[in-house]
2 protein chains.
Amino acid sequence: MTMKTMKQRVPGHDCMRSACPVSSVLDIIGDKWTLLVVRDLLFLGKRMYSELADSMEKIPTNILADRLKKLEAANLIEKKPYQDKPVRYAYTLTARGEALRPVLIEMATWGNEYIAGTVKAPKEFMER
Amino acid sequence: MTMKTMKQRVPGHDCMRSACPVSSVLDIIGDKWTLLVVRDLLFLGKRMYSELADSMEKIPTNILADRLKKLEAANLIEKKPYQDKPVRYAYTLTARGEALRPVLIEMATWGNEYIAGTVKAPKEFMER
DNA sequence: TTCAGTAACTTGCAAAATGCAAGTTATATT
DNA sequence: AATATAACTTGCATTTTGCAAGTTACTGAA
């Protein structure tokens, strides 16, 4: 038996606006912050809450906490303690979350081509 | 002299959150509705306000009007009258707007692969 | 010639989301 | 004992969203 990719409805988003894949994706990541958290985990090697909190864009901490909860509920990230006493957590992308890479790459490509003042994304980020 | 692609700062968004291309793109299209309008123009052949207004997702008309204004300000779409008496308008994507196609395609690909209940995007939409 | 119909919006208002600063809890270090 | 760090939470004002209804300018049918 071969393992297929898991499709799943995401809790809190079981009220899809339509069956269109684009709209369903936007139901999950359609705001100004969610994909920046994914970017930090995927390209910038961040794992801790405090690392995510000091993003370039200065994400408010209440928004960060909210997005981490939603990303976990949507199974795009996992939260795991990496030490006890005191307990500290690491956030990591799931396969589902990492699979957003091409979306991020195309967005960065478009941004670099059409928005003045953007810094060119390192080419090692732009592969695959 | 060869024509290069025009980069431009977008009015109303000249306060970029950062120079990151991803965040700058999200400054423009980072919400639940904007890319659905682009989808309708790019893949579904819609041009008129009333066509856009009866989207699958039932976009509220005040949101639609607002997004059309912002998309025009960002130079992603153009609004042109296609008849007088009474004057009626057609909205069309600029090259800048059409260039979002790969982003939409990657989003649809991800949605189809990872979200149950999404309808598979027609393969003629998924090329280039 | 009045009347329903269509296109393209705008307005009002309640509800939800966002943004900022400050507070909290549990430990570790000095 | 005092300060620091990680990971959040809370309060509150402002902004954005969503829904319904209203508006303007015509067109075509009765």
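Just so it is clear, the model here is predicted, and its values are computed rather than measured. By convention in this document, chain letters (A, B, ...) are assigned in the order of the sequence lines, proteins followed by strands, and residues within each chain are numbered from 1.
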Go through the side-chain N and O atoms of B:S18 and B:S23 and say whether any donor and acceptor fall under 3.5 Å apart.
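Present: a donor and an acceptor within the cut-off.
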Of all pairs that satisfy ring-ring contact (aromatic ring centres under 6.0 Å, His included), the ones with a partner from residues 73-94 of chain B, not counting sequence neighbours:
none
Look at the side-chain heavy atoms of Ile, Leu, Val, Met, Phe, Trp and Tyr, link any pair under 4.5 Å apart, and say whether B:V119 and B:M126 land in one connected group.
no
Cluster question for you: counting only ILVMFWY and a side-chain heavy-atom cut-off of under 4.5 Å, with indirect links fine, are B:L36 and B:L44 together?
yes
Please tell me which of A:Q83 and A:R67 maps to the more 5' nucleotide of DNA chain C, matching each residue to the nucleotide holding its nearest heavy atom.
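By nearest-heavy-atom nucleotide position, the 5'-most residue is A:R67.
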Whether B:R96 side chain and A:Y114 backbone form a donor-acceptor pair below 3.5 Å
yes
Quick check against the 3.5 Å criterion: does A:T118 have a side-chain atom that pairs as donor or acceptor with the backbone of B:A19?
no
Mind calculating the distance between NZ (A:K79) and P (D:dA7) to the nearest angstrom?
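So the two atoms are 9 Å apart, to the nearest Å.
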Considering all heavy atoms of both residues, which atom of B:V37 and which atom of B:L52 are nearest to each other, and what is their separation?
O-CD2, 4.3 Å
Of the non-hydrogen atoms in A:E127 and A:I105, which two are nearest, and what is the gap between them?
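Of all heavy-atom pairs spanning A:E127 and A:I105, the closest is O-CD1, 3.8 Å.
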With a cut-off of less than 4.0 Å, is there a side-chain N or O of B:W33 near OP1 or OP2 of D:dT16?
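So the side chain of B:W33 is outside the cut-off, no N or O lying under 4.0 Å from OP1 or OP2 of D:dT16.
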Please find the earliest and latest nucleotides of DNA chain C, in the 5' to 3' direction, that have an atom within less than 4.0 Å of any heavy atom of chain A.
C:dT18 to C:dA28
Letter by letter from the 5' end, nucleotides 23-30 of chain D scores (B base, S sugar-phosphate only, - none; protein heavy atoms under 4.0 Å) --BSS---
Short of 4.0 Å, heavy atom to strand atom, which residues of residues 47-66 of chain A count as contacting DNA chain D?
A:M48, A:Y49, A:S50, A:T61, A:N62, A:A65
For residues 62-69 of chain B, which side-chain N or O atoms pair as donor and acceptor with protein atoms under 3.5 Å away, sequence neighbours left out?
| residue | atom | partner | partner atom | Å |
| --- | --- | --- | --- | --- |
| B:D66 | OD2 | B:K70 | NZ | 3.2 |
| B:R67 | NE | B:D31 | OD2 | 3.1 |
| B:R67 | NE | B:T34 | OG1 | 3.4 |
| B:R67 | NH2 | B:D31 | OD2 | 3.2 |

Once side chain to side chain donor-acceptor pair (under 3.5 Å) is applied, what residue pairs with a partner in residues 37-53 of chain A remain, sequence neighbours excluded?
A:R39-A:E57
For A:K69 and for A:R17, find the nucleotide of DNA chain D with the closest heavy atom, then tell me which residue's nucleotide is more 5'.
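Whichever sits nearer the 5' end wins; that is A:K69.
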